[in-house]
Amino acid sequence: MERLKMISDYLKEHDIPWSTLTPEQCLELARIAVERLAPKLQNQILLSTNRHHYLRRKLEHVIGRASIVLSEHAKASGFAPIGLELGFGKNGELPPLSFTLKNGTKMELIGRIDRVDKAEEDEGVYLRVLDYKSSEKELNMSEVYYGLALQMLTYLDIVVTHSKSLIGKEAIPAGVLYFHVHNPVVKSKGMLSLDKIEEEIYKSFKMNGLVLDHSNVIQLMDTSLDIENSGKSDIIPAGFKKDGSLLAASKVASREEFSLLNHHVRRIYQEAGDRMVDGDVDITPYKLKEKTPCTFCSFKSVCQFDQSLEENQFRNLAQKKQNDVLELLRGEGESDE
């Protein structure tokens with residue numbers, strides 16, 4: 001997502017908020033960003049043939065459309081970016097996430113966070129993490145529980161833990177969200193007006209993830225939501241019923257639940273590190289419903305996992321609902337006391 005970062009860097013350098021951009025400005029910034037990066041992509045192959053000229057134009061459309069939606073999101077949000085491609089660990093803006101393993105070895109996690117947003121209200125300062133994805137993605141609680149999807153909650157842990165050095169204040173976790181960078185196609189059985197098409201395109205960019213179950217924070221993420229008037233957000237996975245309570249389909253967690261998830265993620269890292277120093281190299285890939293890591297694994301020729309052999313079997317993991325995962329984590333917390 002280097003193109004979006006280039007646009008964001010330009011806006012930050014010139015002190016231009018995303019919310020002030022027009023669609024025409026978004027498209028022009030996307031064109032410039034792709035044009036500047038094109039010579040670096042695949043050793044200038046994008047400039048070599050008509051097909052690659054077409055691919056470059058397609059990339060401009062994808063980045064342009066995503067930029068327009070990001071601008072619209074900014075117009076309807078009390079959150080604003082404070083960090084882009086924020087590094088943690090060696091040479092990063094923030095320290096690494098560190099663990100001392102059982103043999104005394106120090107393990108450090110390093111990485112880079114696509115985007116960190118901040119909002120402030122009477123009750124405190126809130127931070128959320130955004131991740132740009134080229135494919136649709138959601139925070140699967142089963143994958144979090146089994147240690148298969150730790151990235152976003154790790155990022156949130158790091159920015160909240162080090163919020164004082166980042167923003168000068170202690171912060172409250174507001175959530176994690178995935179932004180799908182794509183150029184959507186609107187499907188319809190009948191003719192749609194241009195306004196309706198734009199509305200459907202906008203909805204297709206609705207972010208997925210997990211947000212704090214605090215009505216004020218949800219309204220900060222989408223200021224068009226009104227507790228007194230029911231409706232679901234077109235920006236985040238949340239909404240309100242007529243009585244002001246959250247819609248059942250809202251993907252939310254309390255501060256206590258975010259804390260449970262945070263402790264669980266750290267426990268997973270600690271256990272993984274301890275297994276590594278123990279020399280645990282067993283061939284035991286997981287299977288969660290129909291998903292396995294073997295599908296896209298780059299090490300098949302080394303691993304040579306063969307299910308026809310009795311000793312090579314998948315670890316079958318049971319799908320779990322969010323409430324079930326949180327209850328299990330509460331049990332983990334009680335056993336640690």
Side-chain angles (χ1 to χ4, degrees), residues 83 85-114 116 127 129 131 139-166 170-171 173 176 210 253 255-288 291-294 296-305 311-318 320 324-337:
E85 291 286 321
L86 191 69
F88 58 95
K90 187 177 181 180
N91 300 323
E93 294 91 335
L94 296 174
L97 193 59
S98 300
F99 300 87
T100 300
L101 306 182
K102 62 183 181 181
N103 70 347
T105 301
K106 187 175 182 182
M107 180 177 76
E108 293 185 346
L109 297 180
I110 63 173
R112 194 167 294 278
I113 306 169
D114 278 355
V116 180
L127 292 177
V129 170
D131 201 41
L139 192 70
N140 184 308
M141 275 298 173
S142 292
E143 293 183 359
V144 171
Y145 179 72
Y146 294 118
L148 309 177
L150 306 179
Q151 180 187 33
M152 291 293 273
L153 291 169
T154 302
Y155 290 167
L156 187 63
D157 180 4
I158 287 166
V159 297
V160 171
T161 299
H162 300 293
S163 60
K164 206 155 189 179
S165 63
L166 184 63
E170 297 288 345
V176 293
L210 189 70
R255 283 187 68 176
E256 178 250 350
E257 289 165 344
F258 269 112
S259 180
L260 286 172
L261 289 166
N262 174 36
H263 288 302
H264 178 69
V265 169
R266 289 195 178 207
R267 183 183 292 111
I268 292 285
Y269 284 130
Q270 183 76 48
E271 291 173 354
D274 287 336
R275 287 200 304 273
M276 283 191 284
V277 296
D278 279 344
D280 184 351
V281 291
D282 288 348
I283 303 171
T284 55
Y286 72 86
K287 187 172 187 180
L288 181 60
K291 184 177 180 180
T292 78
C294 302
F296 303 107
C297 183
S298 303
F299 301 97
K300 286 184 179 180
S301 60
V302 178
C303 171
Q304 297 186 3
F305 177 80
E311 62 268 25
N312 285 175
Q313 296 297 319
F314 286 109
R315 287 181 294 121
N316 286 298
L317 306 178
K320 298 182 183 297
D324 296 331
V325 168
L326 293 170
E327 277 306 307
L328 286 168
L329 298 191
R330 288 188 182 94
E332 285 182 8
E334 289 171 2
S335 65
D336 289 342
E337 292 176 358

>> Any salt bridge linking E257 with R255? Criterion: basic side-chain nitrogen under 4.0 Å from a carboxylate oxygen.
In response: no

>> What I want to check is whether the side chains of D282 and T284 have a donor and an acceptor closer together than 3.5 Å.
In response: no

>> How long is the straight-line distance from CE of M141 back to CG of L261, given to the nearest 0.5 Å?
In response: 4.5 Å

> If you measure from CG on N316 to OG1 on T292, what distance do you get to the nearest 0.5 Å?
Replying inline: 11.0 Å

Tell me which donor-acceptor pairs under 3.5 Å the side chains of residues 88-97 have, and how far apart each pair is, sequence neighbours excluded?
unit_1: E93; atom_1: OE1; unit_2: G87; atom_2: N; d: 2.8

> Which atoms form the tightest heavy-atom contact between D278 and K102, and what is the distance?
Replying inline: OD2-NZ, 2.6 Å

> Of the non-hydrogen atoms in A171 and V160, which two are nearest, and what is the gap between them?
Replying inline: O-CG1, 3.6 Å

>> Applying side-chain contact (heavy atoms from CB on, under 4.5 Å) to D114 and V129, what does each step give before you reach the verdict?
In response: CA-CA 8 Å; D114 278 355; V129 170; over 6 Å; no

Side-chain donor or acceptor of [X] paired with backbone N/O of [Y] under 3.5 Å:
X	Y	answer
Y146	A318	yes
Q304	S301	yes
R275	D280	no
D274	L101	no
S142	K320	yes

Test item: [X] and [Y] side chains (from C-beta on) under 4.5 Å apart, heavy atoms:
X	Y	result
K287	L317	no
K291	L148	no
V144	V325	no
L329	Y145	yes
L260	R330	yes
M107	V277	no
F258	L156	yes
H264	E332	yes

Contacts of [X] that satisfy side-chain hydrogen bond (donor to acceptor under 3.5 Å, both in side chains) - sequence neighbours left out:
X	value
D157	T161, R266
Y269	T154
Q270	none

>> T100: which residues meet the side chain to side chain contact (heavy atoms under 4.5 Å, CB included) condition with it, sequence neighbours left out?
In response: none

> Who pairs with I283 by side chain to side chain contact (heavy atoms under 4.5 Å, CB included), at least two apart in sequence or on another chain?
Replying inline: P285, C303, F305

>> Around atom CZ of R112, are there more than 12 heavy atoms from other residues, nucleotides or ligands closer than 6.0 Å?
In response: yes

>> The test is side-chain contact (heavy atoms from CB on, under 4.5 Å); show your working for L109 and F99 and say whether it passes.
In response: CA-CA 9 Å; L109 297 180; F99 300 87; 4.0 Å; yes

